[in-house]
There are 2 protein chains.
Amino acid sequence: MSSDSLPTPTRILQATLTLLEAPGAKLPTMSDIARASGVSRQAVYLHYPSRTDLLVAATRYQDTQNDVDAALAASRNARSGAERLDAFVTAWGNYIPKIYGVARAILAVTDTDPEAAAAWNTRMQDMREGCRAAIRALEDDGTLPPGTDPEQATDLLWTILSVRTWENLTQTCGWSQTCYLDTVRGLALAALAQDVGALTDVLACPDPPA
Amino acid sequence: MSSDSLPTPTRILQATLTLLEAPGAKLPTMSDIARASGVSRQAVYLHYPSRTDLLVAATRYQDTQNDVDAALAASRNARSGAERLDAFVTAWGNYIPKIYGVARAILAVTDTDPEAAAAWNTRMQDMREGCRAAIRALEDDGTLPPGTDPEQATDLLWTILSVRTWENLTQTCGWSQTCYLDTVRGLALAALAQDVGALTDVLACPDPPA
DNA sequence: TAATCAACTTGACACCGTGTCAATTGACAG
DNA sequence: CTGTCAATTGACACGGTGTCAAGTTGATTA
């Protein structure tokens, strides 16, 4: 087994991700994680001094595994601003499901642990850069609505693309991923690229509203 | 003091709301609440068997105090669908800041306590009815984008008007309430009432992006 | 005046999860 | 053989929730 030969910190991270990504799982305790890692509870603390540290390390590890930057960089090749926005929404929207488990765990402790909140914020700041770039491309095209402050447009796009929005539509409302993508893409184009028809035939997915 | 003459359960609820509504406050413990109520910790459990029960009771109490229904009912008088949507967004958007403290506390335990999640969901279901009605008005006007399923349009509006969205824009991004309102109104009109100019000059609030 | 009853208090305790500490084991390297 | 490092074991403190039993207080009723 390759997992036996991996260094302990990595084994712990992988076990953490496995627990976090299990659909509909309860938020794991340190004991759960230790057990799943095949390691004592104290060994976990030996490598990650607190639960928050571990969760943050888990996101970082996950990012290196998934190569976010590569996925998001694809949108840089788009010519028009609208195309770029489209590509960015698609790339990020498809990335969210991969990180949702970890995001959920971090967001859950965010209310009580300011350190976790800070870590998550800087994590999301990177994504915000992508929003910023997409908005700037629209700005160059002159397709932004008249009188729009690019900073606020970035905030809006960033909010539309937030994990919470994804969670609401797919988890609470039961939308499929493709339906989510179509809608959010249409919403972004309609609101920020003045694309009138962007939402035509979009809100019509054959989904059972769970 | 009028608060001395109030029945204990009510005093507890009021103290809870006061703690919850204090800006930037930590989530209060049962001891905090008892102390603020001028009552022993066990007296709290005497009336509310669990923290979740207390929080849920606090929202209900708050709703009766604020008379949500009256505020939201105003939107029923609008003639056109777009006007109705506008009025509803304004009414609900102005209600969110009042309930945010409690909402925050309930949402925080939602991840671990399914009972709290259920209570909050039914709480939000009422609001969803308002979304549904606004969408239906647009449907009657024929202003919904072609090929739109009203149920999904409702989901989308409901998500746009979610507490999380408000939280993201006003708390995290530092937007003013009026800026939030203008933007969300514009977003809803642009996306669901095909109002092309709804976002013109809207994303231009003189706010310091905190 | 005395008994009663409900609301409330006091203080203890169990349970769980986080985080800490100290003593111990086992393997590997010089 | 000895040191060192990683990991284990088992104990403990702390904070928060929730429970329990015994006592207090004050108003009502006999």
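Per chain, numbering begins at 1; letters A, B, ... match sequence-line order. The model shown is predicted, which means the values in this text are computed figures rather than measured ones.
- Side-chain atoms of A/Val68 and A/Met127, non-hydrogen and from C-beta on, never get closer than 4.5 Å to each other.
- Going from atom OH of B/Tyr48 over to atom P of D/dT17 covers 17 Å, rounded to whole Å.
- Taking every nucleotide of DNA chain C with any atom under 4.0 Å from a non-hydrogen atom of chain A, the first and last of them, 5' to 3', are C/dG17 to C/dC21.
- Contact annotation: the side chain of B/Leu55 never approaches that of B/Thr52 to less than 4.5 Å [non-hydrogen atoms, C-beta and beyond].
- A salt bridge links A/Arg123 to A/Asp63: one of the charged nitrogens lies within less than 4.0 Å of a carboxylate oxygen.
- Residues A/Ala34 and A/Arg41 approach most closely at CB-CA, 3.5 Å, considering heavy atoms.
- Here B/Arg185 pairs with B/Asp182 in a salt bridge; the nearest charged N to carboxylate O distance falls below 4.0 Å.
- Using bins of under 30°, 30° to 60° and over 60° for the plane-to-plane angle, the ring pair B/Tyr100/B/Trp166 lands in the tilted bin.
- Side chain to side chain, A/Thr165 and A/Ser162 meet the donor-acceptor criterion of an N or O pair below 3.5 Å.
- Looking at B/Gln14 and B/Gln65, their side chains never bring a donor and an acceptor atom within 3.5 Å of each other.
- Within residues 22-41 of chain B, the residues having any heavy atom closer than 4.0 Å to DNA chain C are, in order of number, B/Val39, B/Ser40, B/Arg41.
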